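Just so we're on the same page: letters track the sequence lines, and every chain starts at 1. Because the structure is predicted, anything quoted here is derived from the model rather than measured.
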Protein chains: 2
Amino acid sequence: MKNRNRDPDCPVRTVLDRIGDKWAVLVITTLGEEGTMRFNHLYETIGDISQKMLTVTLKKLQEDGLVSRKMYQEIPPRVEYTLTDTGVTLVPLLNALAEWANANMKGIKKSRSVYAEVN
Amino acid sequence: MKNRNRDPDCPVRTVLDRIGDKWAVLVITTLGEEGTMRFNHLYETIGDISQKMLTVTLKKLQEDGLVSRKMYQEIPPRVEYTLTDTGVTLVPLLNALAEWANANMKGIKKSRSVYAEVN
DNA sequence: CTGTATCCTAACGGATACTG
DNA sequence: CAGTATCCGTTAGGATACAG
């Protein structure tokens with residue numbers, strides 16, 4: 001495998017700086033579940049994201065070509081976001097992580113409380 | 001699937017707050033490749049992590065029960081870190097992400113440059 | 001409805017020096 | 001060798017107000 005040390009172009013880091021972002025993961029998995037969504041729908045579905053972070057995250061994902069944006073010339077405005085083909089390929093990986101989280105959260109929480117008692 | 005909205009105990013968020021951390025991912029995948037490693041070995045292999053962040057990250061991973069720490073009473077001191085069984089189960093998922101990154105980095109970089117030109 | 005623009009605070013995390 | 005302690009600049013990101 002390619003040596004990752006001190007390599008600014010390391011793919012792992014390139015992608016981690018993006019999908020390592022909690023909001024990006026949430027947006028991608030949500031779009032993966034619901035398909036095309038409007039801005040407000042995403043905003044309400046994710047729930048605890050701020051408007052600002054949703055905007056920023058969507059822009060970054062568009063920039064990376066993972067999400068596409070379609071704007072309708074209507075009043076009031078309507079904007080729809082959809083995963084691109086590339087974006088879709090990321091969904092199963094993130095879902096696998098989500099499943100891992102579900103399967104292991106209990107153990108992790110227990111470990112944390114044990115650790116807290118000892119220290 | 002469990003509704004993730006406004007749920008502070010959401011497993012996905014619990015895990016994302018940890019593996020969403022770039023340093024944690026790097027430590028886990030590195031230990032996954034190399035097996036047991038000493039502090040300095042990890043420090044040098046990862047390369048651009050600071051001593052402080054390595055210490056902090058290892059502590060958090062121990063707290064979650066993903067990494068175990070073994071200290072030898074020697075002079076100079078020797079400390080070895082190893083993935084726990086739980087930690088090991090996370091490795092293939094992270095490696096899958098790394099492979100995804102390798103496969104898609106080119107397209108992502110291209111998308112970014114196109115985006116940069118237009119805007 | 002779908003954003004943009006500021007302000008502002010907590011935290012992240014690097015650099016450095018010190019310790020057992 | 002394997003950390004700890006401290007300082008300190010940068011940034012993430014929430015709150016709020018405003019705009020097209």
Look at the side-chain N and O atoms of [X] and state whether any lies under 4.0 Å from the OP1 or OP2 oxygen of [N].
X        : N       : value
Tyr81(B) : dG3(D)  : yes
Lys59(B) : dT4(D)  : yes
Arg69(A) : dG3(C)  : yes
Arg38(B) : dG3(D)  : no
Lys22(B) : dC12(C) : no

Using a 3.5 Å distance criterion without hydrogens, assess whether the side chain of Ser111(B) forms a donor-acceptor pair with backbone atoms of Gly107(B).
no
Without swapping roles, check the side chain of Thr57(A) against the backbone of Leu54(A) for a donor-acceptor pair under 3.5 Å.
no
If I take atom [atom1] in residue [X] and atom [atom2] in nucleotide [N], what distance separates them, rounded to the nearest angstrom?
X        : N       : atom1 : atom2 : result
Lys52(B) : dG9(D)  : NZ    : C1'   : 12 Å
Tyr43(B) : dG13(C) : OH    : C1'   : 13 Å
Met37(B) : dG3(D)  : CE    : P     : 14 Å
Trp23(B) : dC12(C) : CH2   : P     : 14 Å
Gln62(A) : dG3(C)  : CD    : C1'   : 12 Å
Ile75(A) : dG20(D) : CD1   : P     : 12 Å
Ile46(A) : dG13(D) : CD1   : P     : 13 Å
Glu74(A) : dG3(C)  : CD    : P     : 13 Å

Side chain of [X], heavy atoms from C-beta onward: which of [options] has the nearest atom to it?
X        : options                 : result
Pro76(B) : dC1(D), dG3(D), dG14(C) : dC1(D)
Phe39(B) : dA2(D), dG13(D), dG3(C) : dA2(D)
Asn40(A) : dT4(D), dT2(C), dG3(C)  : dT2(C)

Looking only at the side chains, is there a donor atom on one of Ser68(B) and Thr84(B) sitting less than 3.5 Å from an acceptor on the other?
no
Test Val25(B) against Leu97(B) for side chain to side chain contact (heavy atoms under 4.5 Å, CB included), laying out the working first.
CA-CA 10 Å; Val25(B) 174; Leu97(B) 279 175; over 6 Å; no
Ranking Pro77(A) and Gln51(A) by the position along DNA chain D of their nearest nucleotide, the one closer to 5' is Gln51(A)
Side chain to side chain contact (heavy atoms under 4.5 Å, CB included) between Trp23(B) and Leu61(B): does it pass, once the steps are laid out?
CA-CA 11 Å; Trp23(B) 299 129; Leu61(B) 292 176; over 6 Å; no
